[in-house]
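Owing to the predicted nature of the structure, the values given are computational and were not obtained by experimental measurement. Numbering of residues begins at 1 and proceeds along the displayed sequence.
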Amino acid sequence: MPERLTEMLMDTWTPLIILWITVLPSIYMAPMNQSQVLPSGSSTGLKKLTEEQRVLNRSKRGWVWNQMFVLEEFSGPEPILVGRLHTDLDPGSSKIKYILSGDGAGTIFVINDKTGDIHAMKRLDREEKAEYTLTAQAVDRDTNKPLEPPSEFIIKVQDINDNAPEFVDGPYHATVPEMSVVGTFVTKVTATDADDPVYGNSAKLVYSILEGQPYFSIEPHTAIIKTALPNMDREAKEEYFVVIQAKDMGGHMGGLSGTTTVTITLTDVNDNPPKFAQSLYHFSVMEDVALGEPIGRVKANDLDIGENAKSSYDIIEGDGMDIFEITTDAQTQDGIIRVRKPLDFETKKSYTLKVEAANIHIDPRFISGGPFKDTATVKIVVEDADEPPVFSSPTYLLEVHENAAINSVIGQVTAHDPDVSSSPIRFSIDRHTDLERQFNINAEDGKITLATPLDRETNTWHNITIVATETRNHSQVSRVPVAIKVLDVNDNAPEFASEHEAFLCENGKPGQVIQIVSAIDKDDPKNGHYFLYSLLPEMVNNPNFTIKKNEDNTLSILAKHSGFSRQKQEVYLLPIIISDSGNPPMSSTSTLTIRVCGCSSDGIVQSCNVEAYVLPIGLSMGALIAILACIILLLVIVVLFVTLRRHKNEPLIIKDDEDVRENIIRYDDEGGGEEDTEAFDIATLQNPDGINGFLPRKDIKPDLQFMPR
C-alpha cells in the first residue's frame, strides 16, 4: 500500500516539477545555453558577460537567448507560460511594444506586448510537431519603429510518455519442427513507439510473454521467440497461441504497453513408426481368379503426415511368397495383395504370409527410437471353383504311316476334371480344323482313329483341335491342339525328272555322251534317294547305245559307234528301267527319244530332218524362212494393188444400159406411124429421171422426197 501511494503521488506531481524546472529557469538562466532573456543594459548582466564574449558580439543587442521549452499535452485552466522577453531599453514606462512572429505566432503562441510573456494557448503534441521557430522584436509603441533588430528563437515541445508501443506487422504466424530442443529459434517480433527515443525512457521497450508459457520464451530486448519446453509432440498438440507484450519506460511501472499474437505451428518430423491396425488379416479367394487381380488390402497407420507417413510393404515370410505379391497404393498408403501365379484348390487350400510395413523416409535423429516398421500375419483361403477339364499335355504330336488302315488308332488324348466332383469328360474334334473328316475320336477314351486314307505326298501334316467337355456342365470346355505327322512309305516309283529328248550328231564319235538324265521320286526315304538304272533285258546288247551310272545319282547315255545317218534312221527309242532302294523297291520304265541330226564341225546341231538333204547347199533354215516371208509380202502387195485398180475404174453414174426397167407410158393420141418421130422422146421413156438433167449416183445416198397429196 505505501508503494502504491508513492506511485500515485509521483504521477500527480511529476508534471508540476517538470513545469517548474522548465519555465522558471527559462527566465533566469545563462544566455548561451538557456532560454532566458537578459537585460543588456543592467550592470549585473554586463558583469556576467566575459571579455571574450564582448569581442564576439558584433553589435549591441537588447536580448540574447537560444531556446525555450514547453511540455506537451499540458492542459490546465489557464494558458501555460512558456517564457518572457525583456530588453534593457524598457524603462518600465510602457513605451516598448513586443512583437512575435513565426510558427504558430498569434494562434498557438501569444505574447503580452507590454510584459513580453509568451503563453501557449493550445495543447501541444510532440509527435505532430516537435519544435517551433519564432522571431521576436521590440518596437516603439507609438511609432512602431524597431528599437532593436529582430531575433530568432526556438520553442521545443518536451516529450511525455503518451504513446503506447504498437506491433505494426502483427499478428504473426511461425513454424518450428516438433521435438525441437530448448532454445530453438521460432521467430522475431518488432514493436514501435512514437515517443521520443532520446528523451527519457518513453520509447525504451521491454518484451514479455503473457500467454504461451511454459512452451515458449522471448528475449526481453531483442524480441526473439524460442522454444522453452523440449520434445513438444505435434501428434499431441499441433498449434500454440502465444500473446506477446511490449512495454515502454523500460518495463517499469507506469509505462504503456501493447500486445500482439503469434500462432506457432509444429511441423512434422518422422518420429512415429507405422503400425498395423490389426495383427491378423483373413482373406478368401476363388481358385480361378485372374493373375494380377487384388484379393485384399492391409493398412499400417502412421501418426506422421506427408512424406514421413509413407510406407512400403513386403512379404517377408510364408508359404506363398512366390504365389502372391504386395504393392503400395500411392493414394491411400494401403498394401494391396495380388495373385502372381495360378491357384489350385485341389493342390493347396490355404496360405499364410507375414507382411511388413516400413517407413520410406527415416529421420536419423530418431533412429534410436526403435525400428520404423511393423509386421502382420495374413491368412488366405482358396475356395473351390468349377474349372474346365485339364488335358494331360498342352499339345500333342502324333505320327502315322501313310498306308495306315482305315479305323486304325493313331494316338490318344487324355483329360480330367480338376474339381473335387470330377465330372466325366467327353471328347470331340473341332471339325473346323478337320474339314475333310480324315480323323475320328472316341468320345469316351479320347482315342483318335483314321477315317480316310492318307497320302504323305499330298499333305505331310494335319493339325486338328480336340475339345474336352464336362458331361455335368457343358459350359466347361477345354481345347488342345494335336499335330499329326504322316510318315512316308515307299509307294511311288522313280521316273525321269523331265521329258528328255537327246540329239545325236551324224559325225559323232564312239563313246560320246549323248545325254545325261536324272530321276525323281515322290517318296522321302530317311537315307535319301538312290536310283538304279538298267536297260530292258532284250536290249542289254543294244548295238547303238549304252548307259553309265554317275556318282551324283544321274545316268549318262553313250553312243557305241559312229556313222549314224538320218537317211538310214532318223529316231531311236531307248527304254530305261529306273529302280529305287526302298523296301520293297519300286521301279518304272521311261523311254528316251534320240534323234539323229546334222551338226557342224564343232558339234553344234543344225538340222534334224531328212528333207534337209534336198535343200540347196549353203542355205540354212533361217534363210529359207526369210525368203518365204518376202514372197508372201510381195503377193499381198500385188493383191492390194489389183483391188484398188478395180475399185477406181467402177463408174459412179448409172448408165443407160444398166437400166433394165421397162417404162410404159399410156396415152390416147393416135400416132403417125413409124415415121412419126416427133410425137415423143425415146430418151425420156428410157430414163424419166433425166428429164430435168438429174442422173442418180451410186456413191451418194439419195435424199428422201415426199410427194404432195
Side-chain angles (χ1 to χ4, degrees), residues 388-416 424-470 477-500 517-534 549-555 576-590:
V390 178
F391 283 95
S392 60
S393 175
T395 59
Y396 290 89
L397 175 62
L398 305 179
E399 293 182 346
V400 58
H401 286 89
E402 60 179 328
N403 61 349
I406 303 299
N407 296 326
S408 61
V409 178
I410 61 176
Q412 184 180 13
V413 296
T414 58
H416 70 282
I425 306 298
R426 292 188 63 84
F427 299 95
S428 61
I429 296 177
D430 185 353
R431 291 304 177 182
H432 291 91
T433 61
D434 185 26
L435 297 176
E436 298 180 358
R437 295 181 175 269
Q438 290 187 290
F439 305 96
N440 291 324
I441 189 170
N442 189 305
E444 303 297 332
D445 57 12
K447 291 182 179 180
I448 301 173
T449 58
L450 188 62
T452 60
L454 299 175
D455 185 7
R456 189 202 66 84
E457 289 72 34
T458 303
N459 197 350
T460 305
W461 287 92
H462 296 271
N463 296 297
I464 62 175
T465 299
I466 304 299
V467 181
T469 307
E470 291 185 8
V477 176
S478 296
R479 298 170 179 269
V480 68
V482 177
I484 302 174
K485 183 180 180 181
V486 181
L487 302 178
D488 182 52
V489 295
N490 193 25
D491 58 347
N492 291 279
E495 57 186 0
F496 281 152
S498 61
E499 294 293 334
H500 293 285
V517 296
S518 59
I520 59 172
D521 193 331
K522 295 180 180 180
D523 295 322
D524 186 18
K526 295 181 179 180
N527 298 326
H529 292 289
Y530 182 79
F531 300 118
L532 298 175
Y533 301 91
S534 63
K549 173 70 183 300
N550 300 322
E551 294 181 358
D552 59 355
N553 222 16
T554 60
L555 179 68
I576 300 175
I577 300 174
I578 308 173
S579 302
D580 57 22
S581 56
N583 186 18
M586 301 290 290
S587 63
S588 66
T589 301
S590 298

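Using bins of under 30°, 30° to 60° and over 60° for the plane-to-plane angle, the ring pair Phe439/His462 lands in the perpendicular bin.
Across Trp461 and Ala483, no two heavy atoms sit closer than the pair CZ3-CB, 4.1 Å. Between Tyr533 and Lys549, the shortest heavy-atom contact is CD1-CD, 3.5 Å. When all heavy atoms are compared, the tightest approach of Ile425 to Ala468 is CG2-CB, 3.7 Å. Between Asp488 and Glu457, the shortest heavy-atom distance links the atoms OD1-OE2, 3.0 Å. Heavy-atom minimum distance, Ala493 versus Ser587: CB-O, 3.5 Å. Across all non-hydrogen atoms, the minimal contact from Pro453 to Gln438 is O-NE2, 3.7 Å.
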For this session: Start with the C-alpha gap between Ile464 and Ile484, add the side-chain angles, then the distance that decides, and say whether side-chain contact (heavy atoms from CB on, under 4.5 Å) holds.
Result: CA-CA 8 Å; Ile464 62 175; Ile484 302 174; 4.0 Å; yes

Exercise. Could you walk me through whether Leu532 and Ser534 pass the side-chain contact (heavy atoms from CB on, under 4.5 Å) check?
Worked result: CA-CA 7 Å; Leu532 298 175; Ser534 63; over 6 Å; no

For this session: Determine, step by step, whether Lys447 and Ile441 satisfy the side-chain contact (heavy atoms from CB on, under 4.5 Å) criterion, reporting the C-alpha distance in whole Å, the side-chain angles of both residues, the deciding distance to 0.1 Å, and the verdict.
Result: CA-CA 5 Å; Lys447 291 182 179 180; Ile441 189 170; over 6 Å; no

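Not a single donor-acceptor pair under 3.5 Å links the side chain of Glu402 to the backbone N or O of Val486. In this structure a side-chain-to-backbone donor-acceptor pair under 3.5 Å is missing from Asn463 to Thr433. Using modelled atom types, no side-chain atom of Asn440 and backbone atom of Thr449 make a donor-acceptor pair closer than 3.5 Å. Listed for the Ser590 side chain is no donor-acceptor partner under 3.5 Å among the backbone atoms of Ile576. Side-chain atoms of Gln412 come within 3.5 Å of backbone N or O of Asp445 as a donor-acceptor pair.
Remark: Phe391 CZ to His416 NE2 distance equals 11.5 Å, nearest 0.5 Å. In this structure, the separation between CG on Asn550 and CG on Asp552 is 5.5 Å, given to the nearest 0.5 Å. The CG atom of Leu555 sits 12.0 Å away from atom CZ of Phe531, with the distance rounded to the nearest 0.5 Å. A distance of 12.0 Å separates CZ in Arg456 from CG in Leu454, rounded to the nearest 0.5 Å.
Counting heavy atoms from C-beta outward, Ser393 and Val480 have side chains that stay 4.5 Å or more apart. In this structure, the side chains of Pro389 and Thr469 stay at 4.5 Å or more apart for every pair of heavy atoms. Considering only heavy atoms from C-beta on, Glu495 stays 4.5 Å or farther from Ile578 through its side chain. Counting only heavy atoms from C-beta outward, the side chains of Arg479 and Asp430 approach each other to under 4.5 Å.
Side-chain polar atoms of His401 and Asn403 form no donor-acceptor pair below 3.5 angstrom.
Just one of Val482, Ile466, Thr465 meets the side chain to side chain contact (heavy atoms under 4.5 Å, CB included) condition when paired with Ile429; it is Ile466.
Contact check on Arg431 versus Asp434 returns a salt bridge, with a Lys/Arg side-chain nitrogen under 4.0 Å from an Asp/Glu carboxylate oxygen.
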